[in-house]
Amino acid sequence: MVLLDGKKISQDIKDELKEEVSKITQDGKRPPHLVAILVGDNPASQTYVKGKMRSCEYVGYSSTLMRLPSTISQEALLKKVETYNQDPDVDGIIVQMPLPDHITPQEITQKIRPGKDVDGFHPLNVGLMTLNFPCLMPATPSGILELLHRYNIPTKGKHCVVVGRSRIVGRPTSILMSRGGNPGEATVTICHINTPPEELKRICPQADILIVAVGKPDLITADMVKEGAVVIDVGINRVPSPETRSGYRLKGDVEFETVSQKASHITPVPGGVGPMTVAMLLRNTLNAYNQNLATVGEIIPE
Ligand code: GUN
(Lines give C-alpha, C1' and ligand atoms only; values in the text may rest on other atoms or scores of the structure.)
Protein backbone atom coordinates (compact mmCIF):
# COMPACT_ATOMS: atom_id res chain seq x y z
CA MET A 1 0.00 0.00 0.00
CA VAL A 2 1.30 3.44 -0.96
CA LEU A 3 0.38 6.43 1.18
CA LEU A 4 -0.42 9.43 -1.02
CA ASP A 5 1.59 12.01 0.89
CA GLY A 6 -0.18 15.31 0.28
CA LYS A 7 1.92 16.99 2.91
CA LYS A 8 5.15 16.23 1.06
CA ILE A 9 3.80 16.96 -2.44
CA SER A 10 2.27 20.25 -1.29
CA GLN A 11 5.63 21.21 0.24
CA ASP A 12 7.34 20.47 -3.10
CA ILE A 13 4.80 22.68 -4.91
CA LYS A 14 5.19 25.48 -2.38
CA ASP A 15 8.98 25.33 -2.81
CA GLU A 16 8.55 25.57 -6.59
CA LEU A 17 6.28 28.60 -6.13
CA LYS A 18 8.68 30.21 -3.65
CA GLU A 19 11.42 30.04 -6.25
CA GLU A 20 9.19 31.65 -8.91
CA VAL A 21 8.21 34.43 -6.51
CA SER A 22 11.82 35.19 -5.62
CA LYS A 23 12.55 35.67 -9.35
CA ILE A 24 9.61 38.08 -9.58
CA THR A 25 10.71 40.17 -6.62
CA GLN A 26 14.38 40.10 -7.73
CA ASP A 27 13.15 41.75 -10.94
CA GLY A 28 11.81 44.58 -8.78
CA LYS A 29 8.15 43.62 -9.21
CA ARG A 30 5.63 43.31 -6.39
CA PRO A 31 4.77 39.77 -5.22
CA PRO A 32 1.33 38.19 -5.82
CA HIS A 33 -1.35 39.27 -3.32
CA LEU A 34 -4.13 37.02 -2.00
CA VAL A 35 -7.11 38.37 -0.06
CA ALA A 36 -9.09 35.94 2.13
CA ILE A 37 -12.47 37.02 3.46
CA LEU A 38 -13.60 35.16 6.58
CA VAL A 39 -17.17 35.76 7.74
CA GLY A 40 -18.00 34.76 11.32
CA ASP A 41 -16.03 32.48 13.62
CA ASN A 42 -16.50 28.92 12.37
CA PRO A 43 -13.53 27.16 14.08
CA ALA A 44 -12.64 24.93 11.11
CA SER A 45 -12.80 27.86 8.69
CA GLN A 46 -10.54 29.90 10.96
CA THR A 47 -7.98 27.09 10.97
CA TYR A 48 -8.11 26.69 7.17
CA VAL A 49 -7.78 30.41 6.47
CA LYS A 50 -4.90 30.79 8.90
CA GLY A 51 -3.14 27.91 7.12
CA LYS A 52 -3.68 29.63 3.77
CA MET A 53 -2.25 32.91 5.10
CA ARG A 54 0.75 31.13 6.64
CA SER A 55 1.49 29.43 3.34
CA CYS A 56 1.29 32.78 1.51
CA GLU A 57 3.97 34.07 3.82
CA TYR A 58 6.11 30.97 3.22
CA VAL A 59 6.12 31.36 -0.57
CA GLY A 60 6.59 35.14 -0.37
CA TYR A 61 3.13 36.42 -1.35
CA SER A 62 1.42 39.40 0.23
CA SER A 63 -1.76 38.39 1.99
CA THR A 64 -4.71 40.11 3.60
CA LEU A 65 -7.11 38.42 5.99
CA MET A 66 -10.36 40.37 6.11
CA ARG A 67 -12.44 39.20 9.08
CA LEU A 68 -16.08 40.20 9.03
CA PRO A 69 -18.81 39.57 11.63
CA SER A 70 -21.37 36.82 10.98
CA THR A 71 -24.07 39.52 11.13
CA ILE A 72 -22.76 41.31 8.02
CA SER A 73 -25.45 41.82 5.38
CA GLN A 74 -25.13 40.24 1.96
CA GLU A 75 -25.07 43.69 0.42
CA ALA A 76 -22.17 44.84 2.60
CA LEU A 77 -20.24 41.66 1.80
CA LEU A 78 -20.82 42.15 -1.94
CA LYS A 79 -19.51 45.71 -1.61
CA LYS A 80 -16.38 44.46 0.12
CA VAL A 81 -15.76 41.96 -2.67
CA GLU A 82 -16.21 44.71 -5.24
CA THR A 83 -13.58 46.87 -3.51
CA TYR A 84 -11.06 44.06 -3.96
CA ASN A 85 -12.25 43.42 -7.54
CA GLN A 86 -11.29 47.00 -8.35
CA ASP A 87 -7.98 47.01 -6.47
CA PRO A 88 -5.12 46.54 -8.98
CA ASP A 89 -2.82 45.36 -6.19
CA VAL A 90 -5.03 42.35 -5.42
CA ASP A 91 -4.58 39.27 -7.63
CA GLY A 92 -6.73 36.67 -5.90
CA ILE A 93 -9.86 36.80 -3.72
CA ILE A 94 -11.36 33.94 -1.72
CA VAL A 95 -14.44 34.00 0.48
CA GLN A 96 -14.16 31.07 2.88
CA MET A 97 -17.18 28.74 2.88
CA PRO A 98 -19.53 27.99 4.55
CA LEU A 99 -21.23 31.38 4.91
CA PRO A 100 -23.98 32.28 7.43
CA ASP A 101 -27.48 31.19 6.38
CA HIS A 102 -28.70 34.68 5.47
CA ILE A 103 -26.07 34.93 2.72
CA THR A 104 -26.53 33.12 -0.60
CA PRO A 105 -23.13 31.68 -1.52
CA GLN A 106 -23.89 31.76 -5.28
CA GLU A 107 -24.42 35.54 -5.12
CA ILE A 108 -20.99 36.02 -3.55
CA THR A 109 -19.31 33.56 -5.91
CA GLN A 110 -20.74 35.39 -8.94
CA LYS A 111 -19.53 38.73 -7.65
CA ILE A 112 -15.83 37.81 -7.58
CA ARG A 113 -14.17 38.92 -10.80
CA PRO A 114 -13.44 35.70 -12.72
CA GLY A 115 -9.80 36.65 -13.26
CA LYS A 116 -9.33 36.95 -9.48
CA ASP A 117 -11.45 33.89 -8.62
CA VAL A 118 -8.60 31.73 -7.33
CA ASP A 119 -11.12 29.29 -5.81
CA GLY A 120 -12.43 28.61 -9.33
CA PHE A 121 -16.07 28.77 -8.12
CA HIS A 122 -17.37 31.46 -10.51
CA PRO A 123 -19.80 30.03 -13.12
CA LEU A 124 -17.54 31.30 -15.91
CA ASN A 125 -14.56 29.39 -14.57
CA VAL A 126 -16.71 26.28 -13.98
CA GLY A 127 -17.94 26.50 -17.60
CA LEU A 128 -14.44 26.97 -18.98
CA MET A 129 -13.18 24.05 -16.90
CA THR A 130 -16.02 21.84 -18.10
CA LEU A 131 -15.20 22.63 -21.74
CA ASN A 132 -11.44 22.14 -21.21
CA PHE A 133 -10.46 25.79 -21.73
CA PRO A 134 -7.71 27.48 -19.68
CA CYS A 135 -9.21 28.84 -16.47
CA LEU A 136 -8.77 29.13 -12.73
CA MET A 137 -9.66 25.65 -11.45
CA PRO A 138 -11.04 24.79 -8.01
CA ALA A 139 -8.22 24.02 -5.62
CA THR A 140 -9.29 20.75 -3.97
CA PRO A 141 -10.21 18.97 -7.24
CA SER A 142 -6.97 20.10 -8.90
CA GLY A 143 -5.09 18.99 -5.78
CA ILE A 144 -6.59 15.52 -6.16
CA LEU A 145 -5.57 15.37 -9.84
CA GLU A 146 -2.09 16.66 -8.99
CA LEU A 147 -1.66 13.83 -6.46
CA LEU A 148 -2.76 11.23 -9.03
CA HIS A 149 -0.38 12.78 -11.56
CA ARG A 150 2.67 12.95 -9.29
CA TYR A 151 2.18 9.34 -8.18
CA ASN A 152 1.82 8.24 -11.85
CA ILE A 153 -1.59 6.70 -11.25
CA PRO A 154 -3.28 5.95 -14.58
CA THR A 155 -6.88 7.20 -14.93
CA LYS A 156 -7.68 6.64 -18.62
CA GLY A 157 -10.46 4.08 -19.00
CA LYS A 158 -10.61 3.46 -15.23
CA HIS A 159 -13.87 3.47 -13.32
CA CYS A 160 -13.86 6.45 -10.96
CA VAL A 161 -16.64 6.65 -8.37
CA VAL A 162 -17.08 10.09 -6.78
CA VAL A 163 -19.16 10.13 -3.59
CA GLY A 164 -20.55 13.64 -3.03
CA ARG A 165 -21.69 16.26 -5.52
CA SER A 166 -20.75 19.53 -3.79
CA ARG A 167 -19.91 22.64 -5.78
CA ILE A 168 -16.50 22.79 -4.09
CA VAL A 169 -15.31 19.19 -4.51
CA GLY A 170 -17.55 16.39 -5.80
CA ARG A 171 -19.08 18.01 -8.88
CA PRO A 172 -15.90 19.62 -10.27
CA THR A 173 -13.84 16.51 -9.48
CA SER A 174 -16.28 14.35 -11.45
CA ILE A 175 -15.94 16.73 -14.43
CA LEU A 176 -12.14 16.75 -14.31
CA MET A 177 -11.92 12.97 -14.07
CA SER A 178 -14.18 12.41 -17.07
CA ARG A 179 -12.85 15.15 -19.36
CA GLY A 180 -9.94 14.75 -21.78
CA GLY A 181 -6.33 14.93 -20.57
CA ASN A 182 -4.11 13.17 -18.08
CA PRO A 183 -5.34 12.74 -15.39
CA GLY A 184 -8.81 12.36 -16.88
CA GLU A 185 -10.52 10.10 -19.45
CA ALA A 186 -12.09 8.01 -16.66
CA THR A 187 -15.56 6.49 -16.64
CA VAL A 188 -17.22 8.40 -13.81
CA THR A 189 -20.13 7.52 -11.53
CA ILE A 190 -21.39 10.11 -9.02
CA CYS A 191 -23.16 9.04 -5.83
CA HIS A 192 -24.79 11.58 -3.55
CA ILE A 193 -27.17 12.18 -0.65
CA ASN A 194 -30.09 10.58 -2.50
CA THR A 195 -28.19 7.47 -3.52
CA PRO A 196 -29.78 4.73 -1.36
CA PRO A 197 -27.26 3.16 1.06
CA GLU A 198 -27.62 -0.26 -0.58
CA GLU A 199 -26.78 1.33 -3.95
CA LEU A 200 -23.72 3.02 -2.44
CA LYS A 201 -22.64 -0.40 -1.14
CA ARG A 202 -23.15 -1.88 -4.64
CA ILE A 203 -21.42 0.88 -6.64
CA CYS A 204 -18.35 1.76 -4.54
CA PRO A 205 -16.73 -1.71 -4.82
CA GLN A 206 -16.74 -1.24 -8.62
CA ALA A 207 -14.36 1.71 -8.35
CA ASP A 208 -10.76 1.56 -9.54
CA ILE A 209 -10.47 5.08 -8.12
CA LEU A 210 -12.77 6.00 -5.23
CA ILE A 211 -13.02 9.69 -4.31
CA VAL A 212 -15.07 10.51 -1.22
CA ALA A 213 -16.11 14.06 -0.26
CA VAL A 214 -19.16 13.88 1.95
CA GLY A 215 -18.27 14.91 5.51
CA LYS A 216 -19.40 11.72 7.28
CA PRO A 217 -16.70 10.00 9.37
CA ASP A 218 -16.05 6.36 8.39
CA LEU A 219 -18.83 6.30 5.75
CA ILE A 220 -16.69 4.05 3.55
CA THR A 221 -15.81 0.69 5.07
CA ALA A 222 -13.56 -2.09 3.73
CA ASP A 223 -16.49 -4.06 2.25
CA MET A 224 -17.13 -1.09 -0.07
CA VAL A 225 -13.63 -1.06 -1.55
CA LYS A 226 -12.20 -3.24 -4.31
CA GLU A 227 -8.84 -4.93 -3.67
CA GLY A 228 -6.13 -2.67 -5.18
CA ALA A 229 -8.32 0.43 -5.53
CA VAL A 230 -6.94 3.96 -5.27
CA VAL A 231 -8.79 5.74 -2.44
CA ILE A 232 -8.90 9.53 -2.10
CA ASP A 233 -10.45 10.72 1.17
CA VAL A 234 -11.47 14.40 1.10
CA GLY A 235 -13.37 14.34 4.41
CA ILE A 236 -11.99 16.33 7.35
CA ASN A 237 -14.30 15.53 10.27
CA ARG A 238 -13.79 16.64 13.85
CA VAL A 239 -14.69 13.77 16.17
CA PRO A 240 -14.62 13.99 19.98
CA SER A 241 -11.45 12.62 21.54
CA PRO A 242 -10.62 12.66 25.26
CA GLU A 243 -6.92 12.04 24.49
CA THR A 244 -6.24 15.34 22.74
CA ARG A 245 -5.87 18.80 24.26
CA SER A 246 -8.37 20.31 21.82
CA GLY A 247 -10.94 17.64 22.74
CA TYR A 248 -11.27 16.43 19.15
CA ARG A 249 -9.30 14.68 16.43
CA LEU A 250 -9.59 14.65 12.66
CA LYS A 251 -11.08 11.70 10.81
CA GLY A 252 -11.77 11.17 7.13
CA ASP A 253 -14.88 9.84 5.38
CA VAL A 254 -13.02 6.53 4.91
CA GLU A 255 -12.33 4.01 7.68
CA PHE A 256 -8.56 4.20 7.26
CA GLU A 257 -7.46 1.23 9.42
CA THR A 258 -9.43 -1.35 7.44
CA VAL A 259 -9.57 0.25 3.97
CA SER A 260 -5.79 0.84 3.87
CA GLN A 261 -5.36 -2.97 4.00
CA LYS A 262 -7.20 -3.32 0.68
CA ALA A 263 -6.24 -0.17 -1.22
CA SER A 264 -3.19 0.06 -3.49
CA HIS A 265 -2.94 3.80 -2.70
CA ILE A 266 -4.73 5.88 -0.06
CA THR A 267 -4.64 9.46 1.26
CA PRO A 268 -4.28 9.91 5.03
CA VAL A 269 -6.40 12.39 7.02
CA PRO A 270 -4.85 14.74 7.95
CA GLY A 271 -1.94 15.12 5.53
CA GLY A 272 -3.59 13.99 2.29
CA VAL A 273 -5.88 16.19 0.22
CA GLY A 274 -6.05 19.09 2.74
CA PRO A 275 -2.52 20.44 2.21
CA MET A 276 -2.92 19.98 -1.57
CA THR A 277 -5.86 22.42 -1.54
CA VAL A 278 -3.64 25.14 -0.10
CA ALA A 279 -0.81 24.45 -2.57
CA MET A 280 -3.17 24.63 -5.57
CA LEU A 281 -4.77 27.82 -4.26
CA LEU A 282 -1.30 29.38 -4.17
CA ARG A 283 -0.58 28.17 -7.69
CA ASN A 284 -3.87 29.70 -8.89
CA THR A 285 -2.89 32.98 -7.26
CA LEU A 286 0.37 33.05 -9.21
CA ASN A 287 -1.56 32.27 -12.41
CA ALA A 288 -3.97 35.12 -11.66
CA TYR A 289 -1.00 37.42 -10.96
CA ASN A 290 0.60 36.48 -14.28
CA GLN A 291 -2.77 37.03 -15.97
CA ASN A 292 -1.97 34.10 -18.24
CA LEU A 293 -5.57 32.97 -17.97
CA ALA A 294 -7.10 35.93 -16.25
CA THR A 295 -8.29 37.86 -19.26
CA VAL A 296 -11.48 35.89 -18.57
CA GLY A 297 -12.18 38.66 -16.06
CA GLU A 298 -13.00 40.98 -18.94
CA ILE A 299 -15.55 38.81 -20.71
CA ILE A 300 -18.64 39.36 -18.61
CA PRO A 301 -19.81 42.77 -17.54
CA GLU A 302 -20.12 43.30 -13.80
N1 GUN B 1 -14.53 25.66 2.33
C2 GUN B 1 -14.08 24.38 2.19
N3 GUN B 1 -13.21 24.30 1.17
C4 GUN B 1 -13.09 25.55 0.65
C5 GUN B 1 -12.32 26.09 -0.42
O6 GUN B 1 -11.56 25.40 -1.14
N7 GUN B 1 -12.48 27.43 -0.64
C8 GUN B 1 -13.32 28.20 0.11
N9 GUN B 1 -13.41 29.50 -0.20
N10 GUN B 1 -14.04 27.72 1.10
C11 GUN B 1 -13.92 26.40 1.38
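Every number for a ligand or one of its atoms is a count from 1 in the order of the listing.
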So what's ligand 1 close to, N/O to N/O, under 3.5 Å?
{"unit_1": "ligand 1", "atom_1": "1 (N)", "unit_2": "Gln96", "atom_2": "NE2", "d": "3.3"}
{"unit_1": "ligand 1", "atom_1": "1 (N)", "unit_2": "Met97", "atom_2": "O", "d": "3.0"}
{"unit_1": "ligand 1", "atom_1": "7 (N)", "unit_2": "Asp119", "atom_2": "OD1", "d": "3.1"}
{"unit_1": "ligand 1", "atom_1": "7 (N)", "unit_2": "Asp119", "atom_2": "OD2", "d": "3.3"}
{"unit_1": "ligand 1", "atom_1": "9 (N)", "unit_2": "Val95", "atom_2": "O", "d": "2.8"}
{"unit_1": "ligand 1", "atom_1": "9 (N)", "unit_2": "Asp119", "atom_2": "OD2", "d": "2.6"}
{"unit_1": "ligand 1", "atom_1": "10 (N)", "unit_2": "Gln96", "atom_2": "NE2", "d": "3.4"}
{"unit_1": "ligand 1", "atom_1": "10 (N)", "unit_2": "Met97", "atom_2": "N", "d": "2.9"}

(request) For Tyr151 and Glu146, test the side chains for any donor-to-acceptor distance below 3.5 angstrom and give the result as yes or no. (result) no
(request) Just grab all the side-chain hydrogen bond (donor to acceptor under 3.5 Å, both in side chains) pairs involving residues 160-174, residues at least two apart or on different chains. (result) Arg165-His192
(request) Please determine, by modelled atom types, if Thr64 and His33 share a side-chain donor-acceptor pair under 3.5 angstrom. (result) yes
(message) Applying side-chain hydrogen bond (donor to acceptor under 3.5 Å, both in side chains), can you list everything that pairs with Asp253, at least two apart in sequence or on another chain?
(response) Asn237
(message) Less than 6.0 angstrom from the centroid, inside 45 degrees of the normal: does Lys116 satisfy that with respect to the ring of Tyr84?
(response) no
(request) Please name all residues satisfying side-chain hydrogen bond (donor to acceptor under 3.5 Å, both in side chains) with Ser55, sequence neighbours left out, ordered by chain then number. (result) Lys14
